[in-house]
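First comes the structure, then the notes that go with it.
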Protein chains: 2
Amino acid sequence: MQDNLQIQMNEFLPLRDVVFNTLRQAILTGDLKPGERLMEIHLANKLGVSRTPIREAIRKLELEGLVIMIPRRGAEVAQITEKSMMDVLEVRRTMDALCAELACERITEEALEALKKACDAFAEAVKSKDIKVIAKADVALHDIIVQATGNSRLVQLINNLSEQMYRYRFEYLKDCSRHEALIEEHRIIYESIVKRDKEAASDAAKLHIDNQEQAIIHQIRLDKENKKV
Amino acid sequence: MQDNLQIQMNEFLPLRDVVFNTLRQAILTGDLKPGERLMEIHLANKLGVSRTPIREAIRKLELEGLVIMIPRRGAEVAQITEKSMMDVLEVRRTMDALCAELACERITEEALEALKKACDAFAEAVKSKDIKVIAKADVALHDIIVQATGNSRLVQLINNLSEQMYRYRFEYLKDCSRHEALIEEHRIIYESIVKRDKEAASDAAKLHIDNQEQAIIHQIRLDKENKKV
DNA sequence: AGTACAATCCTTGTATACAAAATACATTTT
DNA sequence: AAAATGTATTTTGTATACAAGGATTGTACT
């Protein structure tokens with residue numbers, strides 16, 4: 001672990017939540033690498049807190065599946081295997097399709113308007129060629145659809161699943177040749193929802209994930225090759 | 001809270017996990033009621049442990065959504081509203097359909113054999129008229145299908161969602177008039193999977209949840225009426 | 001009698017202390 | 001030289017101590 005592990009003092013949250021967010025971010029961005037041990041005293045010193053908030057944060061990470069506990073040895077960052085990522089994507093695919101269908105039923109006119117703007121904003125972001133800007137626009141767009149379902153449990157689950165894919169998001173967006181296709185995919189999803197055509201929206205959402213899956217799998221295999229060398 | 005909160009020390013698990021399981025069970029069975037506060041010292045005394053394992057268990061319950069944290073006031077058991085239950089069921093419906101479809105693709109001959117036996121066992125259990133026995137047979141049957149997907153993330157999510165419905169399971173099975181229909185529904189699901197007919201399996205799984213939904217909603221409305229009086 | 005203010009108590013949030021278990025290393029013996 | 005045993009260090013698991021912030025209750029004043 002490099003020492004980029006820096007606590008961000010959101011003064012109003014309990015320390016455990018600050019630590020939780022910090023560690024989660026570190027894991028998702030790859031700053032804490034799979035297999036790396038999370039040693040309590042070490043983390044406590046590094047973050048300038050006691051062991052208690054560290055431990056409570058680890059309990060949450062454990063339930064989220066980001067770390068695994070080894071009895072009497074402590075926590076370590078969970079391995080990301082191709083299998084585990086395929087499992088996540090398989091569920092995500094269905095959930096995103098559900099989101100699109102529910103959005104067809106329930107989206108308000110205001111949200112539709114916002115979705116249209118988000119599509120345009122995404123197209124603009126692509127022009128900037130700045131991956132971070134593109135990623136942000138992408139998240140914003142999908143968030144509108146997810147929120148439009150009005151199902152808070154679904155929102156929570158999708159967020160958790162997205163999280164697992166986080167570290168591959170950038171790799172996937174780096175492939176500029178896909179950018180125009182992404183704009184088109186978003187357009188199709190948007191228009192299906194406008195028409196309240198559940199089947200079309202569902203299919204478009206699934207296709208969207210399938211394409212991401214291709215890119216992510218490709219990246220994982222590349223990583224694996226690199227690790228061997 | 002009545003004092004049926006009893007820790008089961010037969011485990012070699014860390015205390016936090018024992019406490020976690022104990023509290024979760026208490027919440028799901030309704031022994032700890034929605035809105036009830038979880039006070040650390042009180043629980044610690046009751047379970048004969050210190051505050052630390054209690055706190056760590058609460059962190060996990062928090063992430064599972066079974067308790068909510070009120071800043072500087074501590075944890076209380078989450079309310080179950082009709083809306084939150086509908087949200088869960090809406091997701092469950094889709095996930096169960098996905099399970100059925102994946103099972104069609106991936107189930108092994110051994111698991112198919114086990115599923116057949118589980119169907120028969122359920123029919124037998126119904127004859128016993130013992131709700132607990134029936135519930136157990138029902139869980140076992142569905143578990144075979146879920147496991148057959150080979151998707152561990154999906155298994156985890158379904159378990160979490162089922163959990164939310166736990167306290168209504170018994171009410172739903174109490175309605176004896178539905179028992180024969182349940183056997184028939186299970187049979188249709190089984191036969192669809194045998195034929196590897198994804199669409200039929202998916203439809204059957206959805207219907208199965210829809211029927212549960214009716215019973216659960218009915219029960220919730222009944223509860224609400226009772227509460228008013 | 002009702003309201004407002006203050007004091008006390010209760011509970012959480014955080015830190016630290018202590019014990020048990022495991023691992024690693026060194027020393028001794030075969 | 002290799003293996004085994006014992007010791008020391010590391011790290012978790014659990015308990016407890018301490019401080020700060022609300023909530024409640026009691027008292028005094030209107």
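Throughout, protein chains are lettered first and strands after them, A, B, ... in sequence-line order, and every chain is numbered starting at 1.
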Inset, instruction - Check ring-ring contact (aromatic ring centres under 6.0 Å, His included) between Phe122(B) and all other residues, then give those that pass, not counting sequence neighbours. - result: His186(B)

Inset, instruction - Using a heavy-atom cut-off of under 4.0 Å over every strand shown, decide if Leu38(B) touches base, sugar-phosphate, or nothing. - result: sugar-phosphate

Inset, instruction - Scan Ile54(A) against the nucleic acid and name what it touches under 4.0 Å (heavy atoms): base, sugar-phosphate only, or nothing. - result: nothing

Whole-Å distance separating the [atom1] atom of [X] from the [atom2] atom of [N]:
X        : N       : atom1 : atom2 : value
His42(B) : dT12(C) : NE2   : C1'   : 16 Å
Met39(A) : dG13(D) : CE    : P     : 14 Å
Ile41(B) : dC10(C) : CD1   : C1'   : 8 Å
Met69(B) : dT11(C) : CE    : P     : 14 Å
Glu62(B) : dG13(C) : CD    : P     : 9 Å
Arg73(A) : dT12(D) : CZ    : C1'   : 12 Å
Glu40(B) : dT11(C) : CD    : P     : 10 Å
Ile70(A) : dG13(D) : CD1   : C1'   : 16 Å

Legend entry - Shortest non-hydrogen contact between Ala100(A) and Ile193(A), atoms and distance: O-CG1, 4.4 Å

Legend entry - Heavy-atom pair of closest approach, residues Ala118(B) and Ile144(B): CB-CD1, 3.7 Å

Legend entry - Residue from Arg59(B), Lys46(B), Arg55(B) passing salt bridge (charged side-chain N to carboxylate O under 4.0 Å, His left out) with Glu40(B): Arg55(B)

Inset, instruction - At under 4.0 Å between heavy atoms, which parts of nucleotides 14-19 of chain D does protein reach? Answer with one letter per nucleotide, 5' to 3': B base, S sugar-phosphate only, - none. - result: BBBB--

Inset, instruction - Could you give me the CA-CA distance, side-chain angles and deciding distance for Ser162(A) and Arg92(A), then say whether side chain to side chain donor-acceptor pair (under 3.5 Å) is met? - result: CA-CA 8 Å; Ser162(A) 306; Arg92(A) 239 322 287 263; 3.2 Å; yes

Legend entry - Any residue meeting side chain to side chain contact (heavy atoms under 4.5 Å, CB included) with Ala135(B), in chain and number order, not counting sequence neighbours: Arg169(B), Phe170(B), Leu173(B)

